[in-house]
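Order of appearance sets the numbers: ligands from 1, and atoms from 1 within every ligand. Sequence positions, counted from 1, serve as the residue numbers for this chain. Note that the structure is a prediction, hence the values are computed from the model and not measured.
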Amino acid sequence: MKIIVCIKQVPDTTDIKWTENNTIQREGVESIINPYDIYAIEEALKLKKTLKNVEITVLTMGPLQAESMLKKAIALGCDNAVLISDKKFAGADTYATGKTIASAIKNKLPDYDLIICGQFAIDGDTAQTGPSVANQLNIPQVTYVKELKKCDEECVYAVREIEEGLETVKVEFPALLCVLKGFDEPSRAKINGIIKAQNTNITVYSMEDIGLTPEETGIKGSPTYVSRAFRPEHNRAECEICSDCNTLVQRITEFGGFSNE
Ligand code: FAD
């Protein structure tokens, strides 16, 4: 069984800063693997422990410095790593990112059963990339996956977290899953994995390698235009701290918070 895990390098900060083009400032900020993608890797590793002949390829679209993140994924137990990197990818929105990842998979890794993504990236946070990849590959997708219950050569049973609770969905391969923070703590790298990572060559593909033109990727292939990015303003003057329960109940009642029914 062949699994592709899509991972993204994100700034190691919640204090996001913006460039003058309204994109996220990435230079000069320490980078980490997107936390949800660690859980995507973990689900793939759990399948590798329970099933025979599982091969995990970790894939990212990003700058050359993303190699170090891919090596960390190899140290955790993934088998191969692919970096899609080209200056022409700069300025890609989620549609162009999805198209680029899908083209790399179609052209270079067509023999897959399962693609696992994180549900969100903590910087862009649109949750669009996974569904966009699935759509462009024309395969089924399951989002908000909390854990994988059962899996064989043909299909997987994915447990989704929904507002009403949990629901289990059966999906046949090839398919794409977007995973949330799972129930289990992710594995840590072992010494053998770290040594393997040091000796692993990362395969790098350019725009031409994956069969795209400049019109289909990067800023030219991106229908989104970010006109303004800003922090919402909090009007603290309207905030009142209630020091006792009676005042709290009174305020909620004033705001119509309690119903008589
Ligand atoms: P989400 O959709 O929230 O991520 C969900 C999951 O998808 C992740 O957990 C991961 O599994 C997978 N995933 C997401 N991104 C990748 C990836 N790159 N490789 C592999 N898997 C991935 N970003 C830049 O870095 N440089 C730019 O120049 C740039 N320009 C932009 C211009 C515009 C107009 C816009 C709208 C965005 C731009 N971005 C740029 C941001 C970039 O489009 C998004 O970061 C990217 O498309 C992923 O979206 P997201 O962060 O919302 O991820």
Side-chain angles (χ1 to χ4, degrees), residues 3-11 14 16-29 31-44 56-67 69-70 72-73 78 81-105 108-109 112 114-137 141-145 176-182 186 202-205 207 210 214 217-229:
I3 305 176
I4 299 171
V5 184
C6 296
I7 65 173
K8 183 182 180 193
Q9 200 174 37
V10 294
T14 48
I16 297 291
K17 297 201 168 49
W18 302 92
T19 66
E20 54 188 35
N21 300 324
N22 289 333
T23 55
I24 292 168
Q25 167 78 51
R26 292 166 202 275
E27 281 77 43
V29 184
S31 296
I32 54 168
I33 303 181
N34 177 43
Y36 287 97
D37 303 349
I38 300 271
Y39 288 94
I41 292 173
E42 184 63 21
E43 288 307 322
I56 307 171
T57 300
V58 69
L59 175 150
T60 195
M61 172 190 134
L64 288 175
Q65 72 193 43
E67 273 204 10
M69 171 190 71
L70 292 169
K72 281 185 191 149
C78 298
V82 170
L83 171 61
I84 328 164
S85 191
D86 200 307
K87 292 223 163 72
K88 297 179 196 97
F89 297 152
D93 66 3
T94 51
Y95 175 80
T97 302
K99 184 166 192 118
T100 307
I101 294 171
S103 295
I105 293 173
K108 297 292 175 186
L109 304 162
Y112 64 90
L114 188 60
I115 302 172
I116 312 183
C117 294
Q119 181 65 44
F120 313 94
I122 57 165
D123 54 351
D125 202 5
T126 64
Q128 290 174 2
T129 308
S132 173
V133 172
N135 193 41
Q136 303 202 42
L137 290 172
Q141 56 180 285
V142 185
T143 53
Y144 291 93
V145 173
L176 182 144
L177 310 177
C178 296
V179 304
L180 294 167
K181 185 173 188 276
I202 309 290
T203 308
V204 184
Y205 293 126
M207 184 193 73
I210 60 169
T217 189
I219 194 94
K220 286 190 189 164
S222 297
T224 321
Y225 166 69
V226 182
S227 58
R228 185 173 161 232

Which atoms of ligand 1 have any heavy atom of [X] under 4.0 Å away?
| X | value |
| --- | --- |
| I7 | 19 (N), 20 (C), 21 (N) |
| L59 | 20 (C) |
| D123 | 51 (O) |
| G124 | 50 (P), 51 (O), 52 (O) |
| F120 | 3 (O), 4 (O), 5 (C), 9 (O) |
| T94 | 43 (O), 47 (O), 49 (O) |
| T60 | 19 (N), 20 (C) |
| C117 | 11 (O) |

Ligand 1 versus [X]: contacting region, heavy-atom distance under 4.0 Å:
| X | value |
| --- | --- |
| N34 | side chain |
| T97 | side chain |
| D37 | side chain |
| I219 | neither |
| A92 | backbone |
| I84 | neither |

Q) What is the minimum heavy-atom distance between A92 and S222, and which atoms define it? A) CA-OG, 3.4 Å
**Q.** Over all atoms of both residues, closest heavy-atom pair of S132 and G98
**A.** OG-CA, 3.5 Å
Q. Would you find more than 12 non-hydrogen atoms of other residues, nucleotides or ligands less than 6.0 Å from Y36 atom OH?
A. no
Q: Tell me, yes or no, whether the heavy-atom count around K108 atom NZ, taken from other residues, nucleotides or ligands under 6.0 Å, exceeds 12.
A: yes
Could you tell me whether some N/O pair between [X] and ligand 1 is separated by less than 3.5 angstrom?
| X | answer |
| --- | --- |
| T224 | no |
| V226 | no |
| A90 | no |
| M61 | yes |
| Q128 | yes |
| C6 | yes |
| D125 | yes |

Could you tell me whether ligand 1 has any atom less than 4.0 Å away from a heavy atom of [X]?
| X | result |
| --- | --- |
| A40 | no |
| Q9 | no |
| S222 | no |

Working to the nearest 0.5 Å, report the span between [atom1] of [X] and [atom2] of [Y].
| X | Y | atom1 | atom2 | value |
| --- | --- | --- | --- | --- |
| F120 | N34 | CZ | CG | 10.5 Å |
| K88 | M207 | NZ | CE | 4.5 Å |
| Q136 | Y95 | CD | OH | 5.0 Å |
| D37 | E42 | CG | CD | 13.0 Å |
| I84 | C6 | CD1 | SG | 7.5 Å |
| T100 | M61 | OG1 | CE | 5.0 Å |

Q) For I38, which of V179, I32, I33 qualifies under side chain to side chain contact (heavy atoms under 4.5 Å, CB included)? A) I33
**Q.** Residue that, paired with L70, satisfies side chain to side chain contact (heavy atoms under 4.5 Å, CB included) out of V58, T203, V204
**A.** V58
(Q) Can you see whether T97 engages T129 through a side-chain donor-acceptor pair at a distance of less than 3.5 angstrom? (A) no
Q.
Tell me if a side-chain donor or acceptor on T126 pairs with a main-chain N or O of Q128 at a distance below 3.5 Å.
A. yes
